[in-house]
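Heads up: numbering here begins at 1 and tracks the sequence.
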Amino acid sequence: METTTTERRRLFATEMVGGRAVYRLQAATVAAGILLVLYYRATRVPAAGEGRAAWLGMAAAELWFAVYWVITQSVRWCPVRRRTFKNRLAERYKENLPGVDVFVCTADPHAEPPSLVISTILSVMAYNYPSEKISVYLSDDGGSILTFYALWEASMFAKKWLPFCRRYNIEPRSSAAYFSESEGHHNLCSPKEWSFIKNLYEEMRERIDSAVMSGKIPEEIKLKHKGFDEWNSEMTSKNHQPIVQVLIDGKSQNAVDDDGNVLPTLVYMAREKSPQYHHNFKAGALNALIRVSALISDSPVILNVDCDMYSNNSDSIRDALCFFLDEEMSHKIGFVQYPQNYNNMTKNNIYGNSLNVINHVEMRGLDSAGGCLYIGTGCFHRREILCGKKFSKDYKEDWGRGIKERGHENIDEIEEKAKSLATCTYELRTQWGNEIGVKYGCPVEDVITGLAIHCRGWESVYMEPQRAAFVGVAPATLAQTILQHKRWSEGNFTIFLSKHNTFLFGHGKISLQLQMGYCIYGLWAANSLPTIYYVMIPALGLVKGTPLFPEIMSPWATPFIYVFCVKTLYSLYEALLSGDTLKGWWNGQRMWMVKRITSYLYGFIDTIRKLLGLSKMSFEITAKVSDGDEAKRYEQEILEFGSSSPEYVIIATVALLNFVCLVAGLSKIMAEPPSLVISTILSVMAYNYPSEKISVYLSDDGGSILTFYALWEASIFAKKWLPFCKRYNIEPRSPAAYFSESKVHHNLCIPKEWALIKNLYEEMRERIDTATMSGKIPEEMKLKHKGFDEWNSDFTLKNHQPIVQILIDGKNRNAIDDDRNVLPTLVYVAREKRPQYHHNFKAGALNALIRVSSVISDSPVILNVDCDMYSNNSDSIRDALCFFLDEEMGQKIGFVQYPQIFNNMTQNDIYGNSFNVSYHVEMCGLDSVGGCLYIGTGCFHRREILCGRIFSKDYKENWNRGIKERGKENINEIEEKATSLVTCTYEHRTQWGNDIGVKYGFPAEDIITGLAIHCRGWESAFINPKRAAFLGLAPSTLAQNILQHKRWSEGNLTIFLSKYCSFLFGHGKIKLQLQMGYCICGLWAANSLPTLYYVTLYGLYEALLSGDTLKGWWNGQRMWMVKSITSYLYGFIDTIRKCVGMSKMSFEVTAKVSGHDEAKRYEQEILEFGSSSPEYVIIATVALLNFVCLVGGLSQIMAGVWNMPWNVFLPQAILCGMIVFINMPIYEAMFLRKDNGRIPTAVTLASIGFVMLAFLTTTAAVGEGEYGRQGGVQIPFQAATVAAGKLLVLYYRATHMPAGGEGRAAWVGMEAAEVMYTVGRPVVCPVRRRTFKDRLAERLVTFVRYNCLSSNWILVHA
């Protein structure tokens, strides 16, 4: 009974929010997960050089997030909900209610339109509360006559608006909101009266808007109130006298509305402004209002609202008084805060401005801890607490203050007296802004003032009624959102770093829970740094190959996944519970990141700058209006950018960085998929050659368990694949290529057997691809081979022990296929990797394979192929042996090179990747002068020459080496012995990489190794059989193509500029023609400069002869130019930088896979751009420059601008026109295409800028002078005529030099380019090789054993 009585007396109720037990359990598990994450970070720190700095940074960021998460729990532990009983208030106090002063602040009539301000004013004047007890004050910090005029208009309209609101009890009581919401008249209104009031309002708004647009008040209006006389021509917004004008005096008998009811008091105030005094922004305005209102009305309760936050609930005052007038708890309550709601939110909250979670969750949690924050609007205060009163149990509020009559003072005297309280000097040497009033010195004056009130012993309550109390205008553009949150985060962080830090200032005064609650917002700005780190470093780690998280199947991945998933799901639950939509929550997550990397970052920086005295505090007003287009996009939920804000640079940079890193990282992870690698492995295992004499070695520089698993699968499948291949003599013997080519069974195959093998292969490939995508090997598979035990949780790509695993031992009697034939030996090698040692890329891997193979098989012939170059001709070994075993010439041949041919070429070779001319002409020509180049794949070597042997006529090769039995060593002992040969330290103080093995220190390790072999006296042979020996994957995007040619050109130029330059290193060792042949590739990069400056029939003849189509030749010409001005230019620059020690050598892997859309465009022969690569800027600039110059030049020739005959410029016009014609697809990609492969807009704009820059900077070089100058047997013959022509061209250049200022610099540059082109290609006599395998078979039945080395590169450099 006692409880019931108490409940009946109370004017408000406090209820605990349910579901706390479940939440606390969830929080406990998340806390455990966070601790495990931090433990993992602390105990798994990588070694120096292996991403330690990035790892420690991640640990620091996660530690910060963990601390911040703990802080956020303070408001979620036990939130409360408040309910009021207004009926009890009315019963108990009837009309004996306290007066209420309402403060509205505005500062700029353009950012905060007066028509919007007066809607707020009218809404607070029309409260469901005795009007004589309401006083409304408008502070105009802009001191604008336009705002005063609008307020005067509102005072006139209020006489009709207030009776209308009360008569029909309408909601909301903002005239703008009411008439925009009610399309038809109110149900209780007469249509005539509704239309009459609506017309009055619209006429008033039109008058106000017209005055604002014109900046002028009609003269007849100025005569209607004395207040207009305060403004003169010398008055500015930052320099004017104080103005106080009482437009409605609520204590005057004449201040009545049309129904005869008293009107609320309405006061306009513009405090004095002077340039030599600081005005303290909104805090200064509020303090001036406190003083002025104390003189005019002196109500015990003060409500302040922002000018755009109209009253949406006419009972808000009564709700607030239920807290202030409650007999039991009211004496503790200093202020009542309502939430900040918006009426212009889009359905899905595009900018995350709804604050729903803050309003529904966090503010309630703060309320339970003793007080929610004062957020600067929608807040009812006791006047005394704003004047510095400390809480005391004995304090009794005088609720009747301000109601008594004024006395004998008239309104003019009161206004004059009030003006003296709003001067610049009034606060000097007082405690205003410190102990009294709203606090100064902080952009968020509201939060610090609320903290001070709490620390003086007062509590606050948070009231969230069913009908929102106040509704405002949220920022409708991204720029406004960022600006608002920058101000909030900067202000809160300023508090955190000041003496008012809640843990210091609030210690012993407020609860720890409330101290933590304040820090949620105080640390917004500080959150920017770990967030930026977290959104950038993992992305860079992905593209650089630095793992920063545990493997997905590691037990340590569980806490990471659990914490992420549970926090995300709980965040979604909170958002949906608070009224957000699913998409709204997602938009909120996006904006959470955007705000942290922009608003909060700038807030952090500005706070630090202010603390260091580098800048001063400012207050930036968030605009309350947007133009029509912006508003339309906002309603459509389209993000608004528009301006060139520096914050957008950060957003775009982070977004683009993560996108590029994701694409690049995934492309590198999937650059050489294991399913592609094993197709190559199976093709070389299935050669038409005795299997017991074949040993296949796979070097995995990624040290990936996925690759090992794929190789193990291949070793099982080989037992069926090899008999199938040999039984039906199929070609090619790569299962991927074979089954993709033959859609139906082979003519000689039994259909059932063909289908069986195909199904086995597809099942194997599916298992491998599934494992690759998931990153997980089935546990039952790991039990089937001891090699899987080599991998553990500490194993990383750049830090692991050496691994050598023999999956098939060809010398073991049990190593047989399904036809009981011996299987080839199959070995997996992953050399040791440690951060402190350089691994020398592919060259280091090949040298490791040479040593390992010498222990296991030691065959006299070695073949190396890239993992994507499968064997397409099962007789390739026999073709190569025809050279090595020839009795007359075989002793001189050190290696036999096959061409690098691709099976994914388009009909017209869109990217010029076929190398047809190189293989049909240049390599044959080099073969005629002692040796073709070693190109790194598809090459058979004598083992001895790779080990540094010098040619000698007396040398006799031991072709039987490796064939004898192994002896008593078992397989495990051999693996251990081989493992010791692939450690990081094995090559120290040896000649490996110098005189022994493949050479180190060059990106093109193959070319320089071949040159060294030639210089040791050996020759080489180039064979291009009718059926291609090896087929691979050409780059299928322009970016991949440019990357590949950049690496090749850079490597070859590095050789040319080193001591291994063929003219120096080869002098006296190889023929001059071969020296010049090496320079063809060596000068690729150098060609970039004259091509950039300068940019034919025999070239077409060569191409057609080599198998190109006409369009393919044309594409080749285009790509020749593109490569010259991108790949070769970057290769040239990088080589020079390395030579002068400005950068280190790296090895970039060309991706072997492309996206579906990219592949589709490649098949359609459409150039692929897509990304904002700097190489594309060069391509677009050159193309655009030539187009503009051609059009401009021809137009000026036709117009006779230069006063000279047109034929003088005909050669230049032809050259320029040819380049334009070549670049037609570039123009299409820049301006016409809409697909994702087009040239990005940023690249197009950059190229336009560079073209404009070129026009501005080339006048001196080109000049503007007057016209004053007149102007078998077949190959050597053609070459001689071309040589004569080139000499005549050079003679013309030398003898017709223009005068200075007439384009001499341009002329000399053209001459230099033409000299470069003249020396670019040597004259050679190409040869063609044929082999006689039948003679080889007759002569040697079983004689030679050989090794096949296949290198797998899943490698990313940090």
Side-chain angles (χ1 to χ4, degrees), residues 101 103 105 137 139 141 242 244 269-274 276-304 333-335 371 373-376 379-392 394-398 401-402 417-460 491-492 494-502 504-510 518 610-611 616-617 619:
D101 289 344
F103 296 168
C105 296
Y137 295 81
S139 169
D141 252 15
V244 177
M269 183 200 78
R271 59 193 171 122
E272 184 183 21
K273 289 283 187 72
S274 179
Q276 59 264 40
Y277 293 99
H278 195 282
H279 61 276
N280 293 303
F281 313 115
K282 182 179 176 182
L286 286 171
N287 285 342
L289 285 174
I290 292 171
R291 296 192 296 271
V292 169
S293 65
L295 182 64
I296 297 174
S297 53
D298 196 30
S299 299
V301 177
I302 293 174
L303 160 67
N304 81 282
I333 296 171
F335 63 87
L373 276 63
Y374 165 38
I375 58 176
C379 188
F380 289 84
H381 288 90
R382 294 174 185 259
R383 177 178 292 273
E384 288 299 314
I385 67 164
L386 287 177
C387 294
K389 170 72 71 176
K390 293 184 179 180
F391 171 72
S392 168
D394 302 328
Y395 173 69
K396 298 294 182 183
E397 183 69 65
D398 178 12
R401 64 190 293 178
K417 195 172 180 180
K419 288 179 184 178
S420 67
L421 303 177
T423 61
C424 294
T425 57
Y426 182 85
E427 294 181 351
L428 296 182
R429 293 179 295 280
T430 71
Q431 288 298 310
W432 281 98
N434 187 12
E435 297 296 331
I436 304 174
V438 181
K439 283 189 173 290
Y440 295 158
C442 181
V444 285
E445 72 294 324
D446 41 16
V447 176
I448 195 171
T449 300
L451 174 61
I453 291 170
H454 286 140
C455 290
R456 290 200 294 268
W458 297 95
E459 293 183 2
S460 60
N492 284 301
T494 300
I495 297 171
F496 183 81
L497 295 180
S498 71
K499 66 180 181 180
H500 294 104
N501 177 295
T502 53
L504 303 176
F505 187 62
H507 180 66
K509 302 172 185 175
I510 58 177
Y518 268 99
K610 284 166 191 166
L611 290 176
K616 295 181 179 179
M617 192 179 80
F619 190 93

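Judged by distance alone, the side chain of Asp101 and the main-chain N or O of Ser299 form a donor-acceptor pair under 3.5 Å. Side chain of Lys419 to main chain of Pro242: no donor-acceptor pair is present (N/O by atom type, distance under 3.5 Å, no hydrogens or angles). Of the possible donor and acceptor atoms, one in the side chain of Asn287 sits under 3.5 Å from a partner among the backbone N and O of Val438. Looking at Glu459, its side chain never comes within 3.5 Å of a backbone N or O of Ile333 through a donor-acceptor pair. Between the Ser460 side chain and the Gly334 main chain, no donor and acceptor come within less than 3.5 Å of each other. Of the possible polar contacts, one joining the Arg456 side chain to the Ile385 backbone as a donor-acceptor pair under 3.5 Å is found. Formation of a donor-acceptor pair under 3.5 Å by the Lys282 side chain with backbone atoms of Asp141 is not found in this model.
The OG atom of Ser139 sits 11.0 Å away from atom CG of Asn304, with the distance rounded to the nearest 0.5 Å. To the nearest 0.5 Å, atoms OG1 (Thr494) and CG (Leu497) are separated by 7.0 Å. Remark: Phe496 CZ to Thr502 OG1 distance equals 7.0 Å, nearest 0.5 Å. With rounding to the nearest 0.5 Å, the separation of OG in Ser392 from NZ in Lys396 is 10.0 Å. A distance of 13.5 Å separates CG of Asp446 from NZ of Lys439, quoted to the nearest 0.5 Å. Here Met269 contributes atom CE and Leu289 contributes atom CG; the two are 4.0 Å apart, rounded to the nearest 0.5 Å.
In this structure, Lys509 forms a cation-pi arrangement with Phe505, its terminal cationic atom sitting closer than 6.0 Å to the ring centre and no more than 45° off the ring axis. For the pair Arg382 and Trp458, the cation-pi test (distance below 6.0 Å, angle within 45°) is failed.
A heavy-atom distance below 4.5 Å is not found between the side chains of Ile436 and Thr430. Looking at heavy atoms from C-beta onward, Ile290 lies in side-chain contact with Phe103 at the 4.5 angstrom threshold. For the pair Cys442/Ile495, a side-chain contact is recorded, criterion being any heavy-atom separation below 4.5 Å from C-beta on. Using a 4.5 Å cut-off on side-chain heavy atoms (C-beta onward), Cys424 and His279 make no contact.
Between Arg291 and Glu427 a salt bridge is recorded (basic side-chain N to carboxylate O distance below 4.0 Å). We find that Glu435 and Lys390 are not joined by a salt bridge, their nearest charged nitrogen and carboxylate oxygen being 4.0 Å or further apart.
Considering all non-hydrogen atoms of both residues, Ala418 and Val292 come closest at O-CG2, 3.8 Å. The two residues Pro300 and Glu397 make their nearest non-hydrogen contact at CB-OE2, 4.1 Å. Contact between Gly437 and Thr449 at its shortest, heavy atoms only, is O-CG2, 4.3 Å. In this structure, Val444 and Asn492 approach most closely via the heavy-atom pair CG2-N, 3.3 Å. The two residues Tyr426 and Leu421 have their closest heavy-atom pair at CE1-CD2, 3.6 Å. Heavy atoms only, all atoms of each residue included: Cys455 and Gly506 are closest at SG-CA, 3.8 Å.
One side chain, Arg383 or Ser293, offers a donor N or O that lies under 3.5 Å from an acceptor on the other.
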_Stepwise side chain to side chain contact (heavy atoms under 4.5 Å, CB included) check, Tyr137 with Ile296_ = CA-CA 10 Å; Tyr137 295 81; Ile296 297 174; 3.4 Å; yes
*Between His500 and Tyr518, is a ring pair (Phe, Tyr, Trp, His ring centres under 6.0 Å) present by the stated rule, with each step listed?*
CA-CA 11 Å; His500 294 104; Tyr518 268 99; over 10 Å; no
*Starting from the C-alpha separation in whole Å, work towards a yes-or-no answer on side chain to side chain contact (heavy atoms under 4.5 Å, CB included) for Tyr440 and Asn434.*
CA-CA 7 Å; Tyr440 295 158; Asn434 187 12; over 6 Å; no
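For His381 and Tyr374, the gap between ring centers is short of 6.0 Å.
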